[in-house]
Amino acid sequence: MPRPERFAGIGRALYPPSLRCYECGHDGCSAAGRRGPQDVAVVGFDDSGAASACRPPLTTVRQPVEDMAAEMAALLLDRLAVPDRPVNSVIFEPELVVRDST
């Protein structure tokens, strides 16, 4: 659903494209008589700061990015120290951040 021209640049300046699509989709659902989260539920991924600023605030899956980066660095250093060591896999537990979009 198009926004009035005077507000057209606000979304482009504040939100990445995926969140602008979410808001446009929300506006389209409203125009079609659907309500979120009663009729339509939306979940995003990576829990960017803009997710809580959306309307309605976007439920997301948060990854432990700092832990992942630290583990990656440790694995890399270990691999450089012992190149023949078998490859190690690490699985991280994501967190569901529930907001008003679900």
Side-chain angles (χ1 to χ4, degrees):
M1 176 74 75
R3 292 180 185 221
E5 192 58 43
R6 64 180 184 197
F7 297 115
I10 293 176
R12 286 190 285 279
L14 298 178
Y15 299 131
S18 59
L19 293 177
R20 286 198 309 271
C21 289
Y22 164 68
E23 286 200 346
C24 289
H26 177 265
D27 292 346
C29 287
S30 295
R34 302 285 188 250
R35 300 167 299 148
Q38 296 86 347
D39 301 318
V40 178
V42 179
V43 177
F45 204 78
D46 285 341
D47 194 35
S48 72
S52 61
C54 287
R55 60 171 183 77
L58 181 63
T59 294
T60 62
V61 176
R62 179 184 297 151
Q63 298 185 86
V65 177
E66 292 84 8
D67 295 341
M68 293 166 72
E71 184 66 26
M72 181 189 69
L75 289 170
L76 176 61
L77 292 173
D78 186 52
R79 183 64 142 178
L80 291 172
V82 186
D84 295 333
R85 183 170 290 163
V87 175
N88 188 17
S89 294
V90 180
I91 297 175
F92 294 90
E93 190 73 28
E95 174 189 357
L96 181 63
V97 180
V98 179
R99 295 193 181 98
D100 295 338
S101 68
T102 56

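Fair warning: this is a prediction, and the values are worked out from it, not measured in the lab.
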Only one of Leu58, Val61, Val97 passes side-chain contact (heavy atoms from CB on, under 4.5 Å) with Val43; say which it is.
-> Val61

Atom CD of Glu95 and atom OG1 of Thr60: how far apart are they, to the nearest 0.5 Å?
-> 8.5 Å

Taking atom CD of Glu71 and atom CG of Asp78, what is their separation to the nearest 0.5 Å?
-> 9.5 Å

Out of curiosity, does Phe45 fall in the hydrophobic cluster containing Phe92 (side-chain heavy atoms, cut-off under 4.5 Å, transitive links)?
-> no

Do the side chains of Leu80 and Val82 join up, straight or via other hydrophobic residues, at under 4.5 Å, putting them in one cluster?
-> no

Grab the two heavy atoms, one from Thr59 and one from Leu96, that are nearest each other, plus how far apart they are.
-> CG2-CD1, 3.9 Å

At their closest point, which heavy atom of Asp100 faces which heavy atom of Pro56, and how far apart are they?
-> CB-CB, 3.8 Å

Do Asn88 and Arg79 touch side chain to side chain, with heavy atoms closer than 4.5 Å?
-> no

Does the side chain of Asp47 come within less than 4.5 Å of Arg99's, by heavy atoms?
-> yes

For Glu93, does the CD atom have more than 12 heavy-atom neighbours from other residues, nucleotides or ligands under 6.0 Å away?
-> no

